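Quick caveat: nothing in here was measured; it's all calculated off a predicted structure. Below, read A as the first sequence line, B as the second, and so on, with proteins coming before strands; counting in each chain starts at 1.
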Amino acid sequence: MFEYKITHECKQSGARIGEFTTPHGVIETPVFMPVGTQATVKAMAPEELENIGAQIILSNTYHLYLRPGHGLVERSGGLHRFMNWHKPILTDSGGFQVFSLSKFRKIKEEGVEFQSHIDGSRHFLSPEDAIKVQNALGADIIMAFDECAPWPADYDYVKESMQRTLRWLVRCKMAHKNTERQALFGIIQGGTYDDLRVESAQHTTAIDLPGYAIGGLSVGEPKEDMYRTLDILRPHLVKEKPRYLMGVGSPDCIVEGVARGVDMFDCVLPTRTARTGTLFTSKGKVNILNAKYVDDLDPLDKDCDCYYCKNYSRAYLRHLFKTKEILGARLATWHNLRYLINLTERIKEAIRADRMLDFREEFINSVENS
RNA sequence: GGAGGGGUUCCCGAGUGGCCAAAGGGGGCAGACUGUAAAUCUGUUGUCUACGACUUCGAUGGUUCAAAUCCAUCUCCCUCCA
C-alpha cells in the first residue's frame, strides 16, 4: 500500500507522472485535489465531482472535529461513507487553522489551544489529537500537525515554528496507529527563508513517510518567493515519494509548480472564487458579473468541455449571479474544477511528450493575451 | 365633503435654518479571494473645463447673509371619517 510509482519523467523539466496507490484507488499525478473542508466540496455532489475527473478530495480535521464531531463520522462508517465519496480522501490536520484562525488560538509546545470560531468554546489540539481525529475520520492520506507560519514573519519566529513542526512530526508518527490504511505525510516549513527550508526538508525527509508536503506557501508572499522556495527545495526532496504543495493554487502556480517537480496540489481558489463570480478560462480570468457579459450569448470558454460551457451562455450565468440563484454557484464551481482538472490532463500530456517547459511558456502566454 | 399624513439624489428611506451633494439600506459599477470563520469582503455611485465650480430634495413664488429644512399658492399620493 501507498506505493508511488513514477511512470514518466519529463526530459525537459524533470516533472513526473506517477501513480500513488491508496485503499480507495490509485491517484495519478500531477493531481489537483478539490477542497471539501466540511465533508463537502461546496456546491458539488460527489457524483458530479467524479464525473469531472476528480480523483481525490480534501477535508479538514479541525472543522470536522468541531462539527459534527469525528465520533459521529466514525460511527457512520468513516468519512468516505459519511459523505458518500468512495475515492481517496486527504484530511488536513488543522495546521492551516493555526494560521487562518490565529486570533482564536495560542501555540504551545504541547499543542494548540483553540477557541472555537463557532461558539467560543475552548479546545486543545495536540499532534497526537490531530492524528487521533484523522484516524477516526479514516482518510487515505492524513497530514502531520504543523504550524503554517504567516508571511511576513521574523526569521527567528519562523525558525522556532519550523523546528517545533519537526518535533510535532515525530510525535505524529508515533501516534499514528493505522499506518496500513492511512498514509501520513510530513510537512516542510520554513517560510521564505532558504536555509530554514533546507533544514526543514532535510529533517522531514529523514523520517520515513509515504509522502512529503510543502506547506507555508501561498500565504501572501510574492510568487517569485514561492517559485524560488520550490527551486531551493527540489534537490532536498525524495524522488521516489509524492510531493504535495499545500494550498496551491491558481492555474499559473500549478503549471509553475509541476515544472518544479511538484505532484499534488489542493486549493480553495477555484471553488471559492467560483462562488463570487470569478471563472478560469483558456484566455485568462473572467468576472462573469461584469456588465460586458449582459448580452453575451456565447459559452464561457469554447475550449472547455464542462457541463456549463456545453449548455449555457455567459449571459445566463451572469443572470444567475445577479439574481443570486444557487445554480450560479454550482455551474461556476463545476466549471472551475473541470478547468483545473483539464489543466492537469494537458500537463500530463506535456510531460509525456517531454515538453513541460514549452507547455509552461505557451500556457503563460495564452492566459496573458486576453 | 370633513380630518390628518406625506412627496428627498436610480429605488426605499434618514434629515426639519448653516457642519448637506445630503445618513443608512437596496440596486448599479468595479476589485479582491491560493492546506475555506467566505453564496464573503472592499471600493465606488449628481454633473463638470474637478483640490474648485455648477445643478439637485413635487412646482412656483417669498422670508433670510444662508432653505431639503420657514411662509404662501398650486399639484399629486396615502389613511381615517362621511
Item to complete: Would you classify B/C51 as syn or anti? Syn applies when the glycosidic angle is within 90° of 0.
Response: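 Judged by the O4'-C1' to base torsion, B/C51 sits in syn, the angle falling within 90° of 0.
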Are any of [X]'s side-chain N or O atoms less than 4.0 Å away from OP1 or OP2 of [N]?
| X | N | answer |
| --- | --- | --- |
| A/N290 | B/G31 | yes |
| A/Q97 | B/U36 | yes |
| A/N287 | B/G31 | yes |
| A/S218 | B/U34 | no |
| A/R275 | B/C41 | no |
| A/K322 | B/C29 | yes |
| A/K324 | B/G27 | yes |

Worksheet item: Does the B/C33 base have a donor-acceptor partner in the side chain of A/T273 within less than 3.5 Å?
Response: no
Discussion item. Quiz question: going by heavy-atom distance under 3.5 Å, is there a donor-acceptor pair between the base of B/U36 and the side chain of A/T271?
Written reply: yes
At under 4.0 Å between heavy atoms, what does [X] touch on the DNA or RNA strands: base, sugar-phosphate, or nothing?
| X | answer |
| --- | --- |
| A/A329 | nothing |
| A/D146 | base |
| A/R318 | sugar-phosphate |
| A/L245 | nothing |

Worksheet item: Can you name the one residue among A/T333, A/I56, A/L337 that meets side chain to side chain contact (heavy atoms under 4.5 Å, CB included) with A/L49?
Response: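 Only one option passes, and that is A/L337.
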Worksheet item: Does the side chain of A/D92 come within less than 4.5 Å of A/I142's, by heavy atoms?
Response: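 Of all side-chain heavy-atom pairs linking A/D92 with A/I142, none is under 4.5 Å.
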Fill in: A/H63 side-chain proximity, nearest of B/A32, B/U36, B/C29
B/U36
Fill in: Salt-bridge criterion met for A/D140 and A/R181 (N-O under 4.0 Å)
no
Worksheet entry | B/U36: pairing nucleotide in any strand, Watson-Crick or G-U under 3.5 angstrom | none
